Amino acid sequence: MLTKILFTLAVIGLVFAMVRFRGRPARAPAPPPRKKAEKRWLKALAVAVIVLMLAGTAVIIYLNWRDSHQILQVQVIDSRSGRVSNYQVVRGQLQERGFITLDGRQVRLAETERLEVAAAP
């Protein structure tokens, strides 16, 4: 609650300062503009940084997509009977206590079942 009040007071103070200083003339004339040749390297650097960031983002998105679409071999082992069931699952569909197989079956594990995951051959 206190932060809301402080934020409101800060906004009011900022608006008050803007209105108060809006009508004042500039004290010093603006310096002459620099030559475009001096800023060309800065523009090229900014473009290079943006391109590098976009390329890095694209690589991370691709790697995440590739990992989440990897096919895994899943074995569900019943601890009481020892029965083993094999399934193929996409990594993105594998959860802690269940998964959805490649053919669309939804499998939920009981407390007595164990899950073993390996890369599909």
Side-chain angles (χ1 to χ4, degrees):
M1 184 68 180
L2 181 63
T3 56
K4 290 180 183 180
I5 294 172
L6 291 176
F7 182 73
T8 304
L9 290 176
V11 169
I12 291 171
L14 182 65
V15 169
F16 179 74
M18 288 177 59
V19 169
R20 186 172 177 204
F21 293 115
R22 178 183 280 174
R24 290 189 179 180
R27 294 186 181 195
R34 294 185 180 182
K35 296 179 183 178
K36 296 229 179 209
E38 293 177 9
K39 292 185 178 180
R40 187 173 288 162
W41 68 271
L42 188 60
K43 186 176 181 179
L45 179 65
V47 169
V49 167
I50 290 172
V51 167
L52 184 64
M53 288 172 55
L54 289 175
T57 301
V59 167
I60 289 172
I61 289 172
Y62 169 72
L63 291 175
N64 188 17
W65 175 83
R66 187 186 67 180
D67 286 345
S68 68
H69 285 78
Q70 181 183 12
I71 297 175
L72 301 172
Q73 183 70 32
V74 174
Q75 288 186 338
V76 177
I77 304 167
D78 188 358
S79 299
R80 284 189 244 161
S81 65
R83 191 176 122 230
V84 177
S85 301
N86 292 316
Y87 301 98
Q88 284 193 333
V89 179
V90 176
R91 183 185 294 255
Q93 297 294 328
L94 185 61
Q95 298 170 357
E96 188 174 331
R97 298 299 302 166
F99 53 88
I100 299 174
T101 63
L102 287 179
D103 56 353
R105 288 186 285 173
Q106 186 171 4
V107 178
R108 297 219 184 262
L109 299 178
E111 291 294 323
T112 60
E113 293 178 324
R114 189 174 75 230
L115 184 72
E116 291 184 4
V117 180

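None of these values were measured; they are calculated from a predicted model. All values below come from the heavy atoms of this structure, side chains included, with hydrogens, waters and symmetry mates left out.
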Inset, instruction - Could you list all the salt bridge (charged side-chain N to carboxylate O under 4.0 Å, His left out) pairs where at least one residue sits in residues 58-86, not counting sequence neighbours? - result: none
Enumerate donor-acceptor pairs with a distance under 3.5 Å from any side-chain N or O in residues 11-19 to protein atoms, sequence neighbours excluded.
none

Inset, instruction - Give every residue pair that meets the side chain to side chain donor-acceptor pair (under 3.5 Å) criterion with at least one member in residues 112-121, sequence neighbours excluded. - result: Arg114-Glu116
Legend entry - Nearest-0.5 Å distance, CD1 of residue Ile61 to CG of residue Asn64: 8.5 Å
Inset, instruction - If you link ILVMFWY side chains whenever their heavy atoms are less than 4.5 Å apart, which other residues fall into the same cluster as Ile60? By chain and number, please. - result: none
Legend entry - Connected hydrophobic set around Val59, excluding itself, where side chains approach under 4.5 Å: Tyr62, Leu63, Trp65
Inset, instruction - Tell me who clusters with Ile5, hydrophobic residues only, linked when side chains sit under 4.5 Å apart either directly or through other members. - result: Leu9
Legend entry - Asp103 versus Arg105, closest heavy-atom pair with distance: OD2-NE, 3.3 Å
Legend entry - Rounded distance (nearest 0.5 Å) linking atom OG1 of Thr101 with atom CG of Asn86: 12.5 Å
Legend entry - Apart from Leu94 itself, residues in the same hydrophobic cluster as defined by side-chain heavy atoms under 4.5 Å: Leu72, Val74, Val76, Tyr87, Val89, Phe99, Val107, Leu109, Leu115, Val117
Inset, instruction - Mind checking side chain to side chain donor-acceptor pair (under 3.5 Å) for Arg108 and listing every partner two or more places apart, or none if nothing turns up? - result: none
Inset, instruction - Could you tell me which residues satisfy side chain to side chain donor-acceptor pair (under 3.5 Å) with Ser68, sequence neighbours excluded, listed by chain and number? - result: none
Legend entry - Within residues 89-100 or reaching into it, pairs that qualify as side chain to side chain donor-acceptor pair (under 3.5 Å) - sequence neighbours excluded: Gln70-Arg91
